[in-house]
There are 2 protein chains.
Amino acid sequence: MPRTKTTLIDPDVQLLQALAHPTRLAILRELTDTNEVCACDFTSCCDVSQPTVSHHLKILKEAGVIAAERRGTWIYYRIVPAAAERLRALAGELLGAPQVIPASALMAARPSRDARTPARA
Amino acid sequence: MPRTKTTLIDPDVQLLQALAHPTRLAILRELTDTNEVCACDFTSCCDVSQPTVSHHLKILKEAGVIAAERRGTWIYYRIVPAAAERLRALAGELLGAPQVIPASALMAARPSRDARTPARA
DNA sequence: GCTTAATATTGATGCTTGTCAATATAGACG
DNA sequence: CGTCTATATTGACAAGCATCAATATTAAGC
């Protein structure tokens, strides 16, 4: 499967992908510090050109991580608080599995799933 | 900057990138449900070939998200609990910015950063 | 040691992404 | 309305990534 456009459909993947880039992480860290940042300021902090900053801001905005507000000539960006909750929820859902291991899983010493399909001939 | 290999150096980015893929997310969800899964089981759940599963498992392992344990012929994977903490910490650090907005930032109606460098001629 | 089964690695290929230069759009202000 | 400044969009290109087929490795069991 050539991995169509599923990526853009799953909002969890979209959120994670939006965060999974050094420049965008730098943008977010800048926003964390300053709470509100004019778009023109990211060019200096991130060492990329203006169109690139604009591109990354768009990705973050489309993923619901940041929000934009125009004030005069400038556009200010800030972090959307709900994004933090989504990330925390993901951490809980995915990685916060209960630490109790059912004994059956340990004793089996064999895949406990089904009739052990040969996986692939 | 051609985005050298910074990606692989920043562990935060590495963690996020490891999670930011539909197949790998599916693998993790499977692990969340079953707690421990034999590698051969992912082929059926994720609709990709065996080498691809192996590849994704490697990425997750290198990012510290999962751990492998060999038991006889099979290799079992489980989630590393610390990964959840790292993700939660990231959520707090990045997106859990204090909600109080300093009045100065609102009144300025101009970037409050420095002498408003022209950003780029 | 040979065979069999599970997992990993290699190599090749197409898709996606990040980047910038050039250009377009939008608002401010005279 | 025309000019100036900030931001967005387009287009092109390079680099990275996901995928699979083929092959290698590793362990089990005879």
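Throughout, a chain's letter reflects where its sequence line sits, starting with A, and its residues are numbered from 1.
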Check every strand shown and say whether A/Thr52 touches a base, only sugar-phosphate, or nothing at a heavy-atom separation below 4.0 Å. base

By side chain to side chain contact (heavy atoms under 4.5 Å, CB included), which residues pair with A/Ala26, not counting sequence neighbours? A/Cys46

Measuring to OP1 and OP2 of C/dC20, would you say a side-chain N or O of A/Ser49 lies under 4.0 angstrom away? yes

End-to-end bend of the helix from C/dG1-D/dC30 to C/dG30-D/dC1 (five-pair axes, 10° rounding)? 30°

Measure from the side chain of B/His21, starting at C-beta and using heavy atoms only, and say which of D/dT19, D/dA8, D/dA6 lies closest. D/dT19

Checking contacts here: which listed nucleotide (D/dA8, D/dA18, C/dA8) is nearest the side-chain heavy atoms of B/Arg24? D/dA18

Verify, without hydrogens or angle tests, whether B/Gln17 (side chain) and A/Ala20 (backbone) share a donor-acceptor contact under 3.5 angstrom. yes

Residue pairs passing the ring pair (Phe, Tyr, Trp, His ring centres under 6.0 Å) test where at least one lies in residues 46-67 of chain A, sequence neighbours excluded: A/His21-A/His56

Would you please name every residue forming a side chain to side chain contact (heavy atoms under 4.5 Å, CB included) with B/Ala67, sequence neighbours left out? B/Arg78, B/Val80

Listed partners of B/Glu62 passing salt bridge (Lys or Arg N to Asp or Glu O under 4.0 Å), at least two apart: none

Give every residue pair that meets the salt bridge (charged side-chain N to carboxylate O under 4.0 Å, His left out) criterion with at least one member in residues 12-28 of chain A, sequence neighbours excluded. A/Asp12-B/Arg29

Can you pull out the residues from residues 54-63 of chain A that lie within a 4.0 Å heavy-atom distance of DNA chain C? A/His55, A/His56, A/Ile59

Could you tell me how far apart A/Gln14 (CD) and C/dT16 (P) are, to the nearest whole angstrom? 15 Å

Run the side-chain hydrogen bond (donor to acceptor under 3.5 Å, both in side chains) test against A/Thr52 and tell me which residues pass, sequence neighbours left out. A/Ser49

Residue list, side chain to side chain contact (heavy atoms under 4.5 Å, CB included) with B/Leu57, at least two apart or on another chain: B/Ile27, B/Ala39, B/Phe42, B/Val53, B/Ile66, B/Tyr77

Base, sugar-phosphate, or nothing: which does B/Phe42 touch, judged by heavy atoms less than 4.0 Å apart? nothing

Side chain of B/Ala39 only, heavy atoms from C-beta on: which candidate in D/dA6, C/dT7, D/dT19 is closest? C/dT7

Does B/Gln50 get its side chain close enough to the base of C/dA6, under 3.5 Å, for a donor-acceptor pair? no

